[in-house]
Q: 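Can you keep this structure in mind? I'll have questions shortly.
These values consider heavy atoms only, across backbone and side chains, with no hydrogens, waters or symmetry-generated copies. These figures come from a predicted structure and were not determined experimentally.
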Amino acid sequence: MISWWKGAALALAAVAGLAAPPASATDIELFFPVPVDGALARNMAGLIKEFNDSHPDIKTTPVFTGSYDDTLLKTRAAIKAGKPPAAVIMSANFLTDLAIEREITPMDDLIAKEGKSQDAFMGRFFPALLPNAVIDRKVYGVPFHNSTPLLYINADHFKEAGLDPDKPPRSWAELHDAARKLTRREGDRTTRWGLMMPSNYDYGGWILEALTMSNGGRYYNEEYGGEVYYDTPTMLGALTFWSDLVHKAKVHPAGEQKGPAVTGAFLAGQASMMIISTGSLTFIRDTAKFPFRVAFVPMNVRQAVPIGGASLVQPAGLSEEKRAAGWTLIQWLTSPETSGWWSRATGYFAPNKAAYDLPEMKAFLEKNPDAKIAVDQLANAKPWFATYRTVPVRKAIEDELQAVLAGKRQPKEALAAAQKAADALMRPYVEDTALRLPGAE
Amino acid sequence: MTHALPTTQAALAAEPPAAQVRRRPGARLLLPLALLCPSLVFLALFTYWPVVEVLWDATHQVTRRGTRFVGLDNFASLFADPTFRRALLNNALYAIGTVGPSLVLALAFALALNGAGRVRALLRAVFFLPVMIPLVAAAALFLFLFLPGIGLIDHHLARLGLSGANWLGDPDLALAAITVLTVWKNAGYYMLFILAGLQAIPDEAREAALLDGAGPWQRLRYVTLPALRPTFAFVGVIALLNAVTQVDHVFVLTKGGPSDATKLLLFYIYEQAAERYDAGRAAAATVVTLGLLAALTALSLGRSQGPEAAR
Amino acid sequence: MSAPTSPLAGPVTREVTPRLARLLVAGLALVWAVPFWWMLVAAFRPAGSGADASLLPSLAPSLANFAEAWASADFPLYFVNSLVICAGILAVQLVTASLAGYVFARLEFPGRGFLFGLFLVQLMLVPVVLLVPNLKTIAALGLYDTLPGVMAPYCATAFGTFLMRQSFREVPRELEDAALIDGAGWWARIRLIYLPLTKPALVAFSIVSVTSHWNEFLWPLMVINSPDRRPLTLGLASFTLSAEGMQAWGLIAAGTFLVSLPLLAAFLIFQRRFVNSFLASGIK
């Protein structure tokens, strides 16, 4: 009987040993999400190894923190616990919320130390990315990898249906028409969907934003974190279009579709077209066993899409030493060379424009014209939905979107409900800012 | 998975005088308290204190301008939140959907597999295996089973010429899908207790029924089921508790969606606290959940003598 | 699993209904086995064969998925973390539960009933429901993102205390009295008399405790942030998420298999002991 007491003591000793972190020069952590398809986690490990090898005074540990939403949760938890990571690859639309809550710090002093002006520093990136990174004229994030939604089409299916794969749909009417021709049925059963778009949390809001913007909409107030425009004609048109594809034309499956399920269906030949992130481009290219093409997101009123992707941010509460080490990492990760390599490995476009002047990037685009289309679409790109409490405000519309796609709600009432829920969520901020008036207290 | 619901009747009843440890009178209280101390420290930190904290949080509101006492406002806004009401309803449906079928299946398994024999032992093991894997592991497997179009279920339905469904993506089906996973995971666990209950039924009762010419249904109705009543009461409460405290699969499979269709109470609490920073509402929801658990436990104390059958 | 058979357990009469029911249950067993069967088949299928949904085993089984899973996630480390968490919790629980169990079984003092009731409250206030305030406490204690932080809320166990109290009470009092006369202190009495005589209860409690904490997910999810401190369940969830994006279902199957294997193997080897422990967890 003595034995288990001894075992207990041993176990306790082991626990105590594990609890103490090992000490060394500058240990920093980089939180990174895996938002889309592909072996990103492995690529990231390789990238960080390269950084550590070339910077012996810094030891970076890459920490895979799940989806974009999970990464936000994990980062906030770490900040609360007083153990913030030195850098986080954060979904670009969370920066506004984090800045409002003062959970991330502006980088202007670090930029000034480099002897650069804010304009010179941020001018290196595509202009569409700036509104999600520069908030109140302060730089809160450095764009790391970015994306836009893209239309992917199965070229074989197009030919089979008598469509020209080199002329993908450009308007909603053409998209609707193509989807109709591409859908295959056996009796009541649909064996192939004309079009699929993901509608899970995070992805659904982004795709709906793309449709709304293509319909002339603004979606949210880019200048102020307390307003979203859910209950508007542009959004009603977008949601109704999606809903009709499902319930009227029956060319899009009903119910919530997860991103991986959409990619899976496309790769299995069960969906002929899909609108998903450019970030999946490399994965699709490597996996598809059939010829495919990509194209701009079809438009109704104008060509416009939101950006997606992530920026590097630094949480509040870092020691000077860690902040400096994190800044070194951030600069290395956003250099043209690293940025370009990551872009080729994933399909995200490189936010640093200089990456496209590098010879290896030129050669790559030559060989993969689809990647060039993703970059070209940037000309139409707008900032990404960002407010106070971005995630719940976004889920407010996503829950309604999922209900509409499942046939449980009509678009009109869904948007009214989403607007109401979103307004309630943002009320504390609104009352503290736009509605905080002189003489009221 | 494992819950202890001891027969508190026995526990709370007056006890026979314990051995008087013959010591000086002052030491009479010292020794017990010293020995209880380690437990009490942990209980104070992680059971009593959090209750105090939750009650404090539930009656206060943290705004951007500070913290203030708000009485029952958090509860009012909690019950005004359609998502919370949905979570309550979901949890009730989920509880009914998991407890009922699990118990019926567990009874069927136990009746069919009670007794010796290799085949029976093998089948009992088959039903019990899901109990031994983590709920997240079960969810990882069902992720592919439920995948629309190309997943295991839809693929094989298509081969039979049947339409599949978007199991986790359809708000009408998602909760049912989660329920199926839970039944698969837990029925074997409950089967165990019912098997033990069956063993405890005296042979004479069955023999007498047989001699009276009772058919299998009559024997089940008049002999087996009445004898199993305490077992059912006990297992039912365990199953109900599981329906409130086990939500790991929701994290992996649906994150509470689509359209709140799989939002269960504990997930709601997690979301309010971790995602919305609404400590007051999270605390109020915790209080409500604890109230429900307390009611369930009280129910179990009142109803069951404990499954002495399981002895 | 095989419980002792009563003489009448076998079918005495040849009735149709029970036979049909047995057939039905056998059919259900097949259904029950499908997820496991798929896991095995998919895990051992060569990667990239495209036949993810097939239930026919591959003719050329391959370990490629396992190699890939092994390389993509640090399963050995997760395994050690799970082991440390379970062993740590169990070690402390055995101490706290046997001490408290002894007190409630054999010591007489004012307020005993009240204190015992206070203990039993924990049966209702399941730690996982209190995860929000408990997380604050853990952070305040500086235990956030540490393995002891995962263990701490489970260190006191009302269930264990209850179980030990019941077992201790069945130990003949004369043995302790004899030891008292020999001048043995409380520690010696517990260690030399009570614990050796209640080994079955200790084993039962250990199995139940380890199983439930091995499979736990939500609380470690809240406490642990660093990947090198993740237990198996967290490791699997994060692994699943990244592999789902790759449509690598064979990989997920292999990872799930690796994570489930230790307890499944332990169960298959020590079936009877497991079953009896689970039963003991519910009774008395």
Q: What heavy-atom pair brings B:Asn166 and A:Gly255 nearest, and what distance separates the two atoms?
A: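 Shortest heavy-atom contact: ND2-C, 3.5 Å.
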Q: When heavy-atom pairs shorter than 4.5 Å are enumerated against chain B, which of A:Pro392, A:Ala77, A:Ala403 gives the highest number?
A: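 Ranked by heavy-atom pairs under 4.5 Å with chain B, first place is A:Pro392.
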Q: Counting only heavy atoms not in B:Arg159 (residues, nucleotides, ligands), do more than 12 fall under 6.0 Å from its CZ?
A: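 Open.
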Q: Side-chain polar contacts of residues 33-46 of chain B - donor-acceptor pairs under 3.5 angstrom, sequence neighbours left out - could you list them?
A:
residue	atom	partner	partner atom	Å
B:Ser39	OG	C:Thr96	O	3.4

Q: Please report the C-alpha distance between B:Tyr270 and A:Leu73 in whole Å, then the side-chain angles of each, then the deciding distance to 0.1 Å, and finally whether the side chain to side chain contact (heavy atoms under 4.5 Å, CB included) criterion is met.
A: CA-CA 11 Å; B:Tyr270 167 83; A:Leu73 290 183; 3.4 Å; yes
Q: In terms of heavy-atom proximity below 4.5 Å to chain A, should B:Leu147 be classed as side chain, backbone, both, or neither?
A: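 Interface part for B:Leu147: side chain.
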Q: Name the region of B:Leu157, side chain, backbone, both or neither, that has any atom closer than 4.5 Å to a heavy atom of chain A.
A: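 Neither part; nothing is under 4.5 Å.
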Q: Taking every heavy-atom pair that is under 4.5 Å apart, which of B:Leu162, B:Leu173, B:Leu168 has the most such pairs with chain A?
A: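 It is B:Leu162.
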Q: Tell me, for A:Pro253 versus chain B, whether the close heavy atoms (under 4.5 Å) come from the side chain, the backbone, both or neither.
A: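 When you check distances to chain B, no heavy atom of A:Pro253 falls under 4.5 Å.
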Q: Taking C-beta and beyond as the side chain, do A:Lys258 and B:Leu143 meet within less than 4.5 Å on heavy atoms?
A: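 They are in side-chain contact.
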Q: Of all the residues in residues 264-275 of chain A, which have a heavy atom that comes within less than 4.5 Å of a heavy atom in chain B?
A: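 Checking residues 264-275 of chain A against chain B gives A:Gly264, A:Ala265, A:Ala268, A:Gln270.
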Q: Please determine whether the number of non-hydrogen atoms from other residues, nucleotides or ligands lying under 6.0 Å from atom CD of A:Gln410 exceeds 12.
A: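 Open.
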Q: Considering heavy atoms only, which positions within residues 187-200 of chain A lie below 4.5 Å of chain B?
A: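 Heavy-atom contacts from residues 187-200 of chain A to chain B are A:Asp188, A:Arg189.
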Q: From B:Tyr277 OH over to A:Glu101 CD, what is the distance, rounded to the nearest 0.5 angstrom?
A: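 Between B:Tyr277 OH and A:Glu101 CD, I get 6.5 Å after rounding to 0.5 Å.
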Q: What verdict does the side chain to side chain contact (heavy atoms under 4.5 Å, CB included) test give for B:Thr254 and A:Glu256, after you've listed the backbone C-alpha separation in whole Å, the side-chain angles of each residue and the deciding distance to 0.1 Å?
A: CA-CA 10 Å; B:Thr254 61; A:Glu256 177 218 28; 6.0 Å; no
Q: Chain B heavy atoms under 4.5 Å from A:Leu405: which part of the residue, side chain, backbone, both or neither?
A: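 It is neither, since no heavy atom gets under 4.5 Å.
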Q: If I measure from the heavy atoms of chain B, does A:Asp97 come under 4.5 Å with its side chain, its backbone, both, or neither?
A: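 Answer is neither: A:Asp97 stays 4.5 Å or more from chain B.
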Q: Is B:Asp278 paired with A:Arg389 through a side-chain N to carboxylate O contact shorter than 4.0 Å?
A: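 The answer is no: the pair does not qualify as a salt bridge.
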Q: Mind checking salt bridge (charged side-chain N to carboxylate O under 4.0 Å, His left out) for B:Asp170 and listing every partner two or more places apart, or none if nothing turns up?
A: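 Not a single residue meets the salt bridge (charged side-chain N to carboxylate O under 4.0 Å, His left out) criterion with B:Asp170.
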Q: Quick one: does any side-chain atom of B:Ser259 pair with a main-chain N or O of A:Glu400 as donor and acceptor, under 3.5 Å?
A: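 Judged by distance alone, no pair lies under 3.5 Å.
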Q: Which heavy atom of B:Lys255 sits nearest a heavy atom of A:Tyr201, and at what distance?
A: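 Looking at all heavy atoms of both residues, the closest pair is O-CE1, 3.5 Å.
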Q: Taking side chain as everything from C-beta outward and backbone as N, CA, C, O, which of these in B:Ala158 sits under 4.5 Å from a heavy atom of chain A? Side chain, backbone, both or neither.
A: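 It is both, since atoms from each part get that close.
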Q: With a 4.5 Å limit on heavy-atom distance, are the side chains of B:Pro148 and A:Gln257 in contact?
A: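 The answer is yes, as the side chains (C-beta and beyond) meet within the 4.5 Å cut-off.
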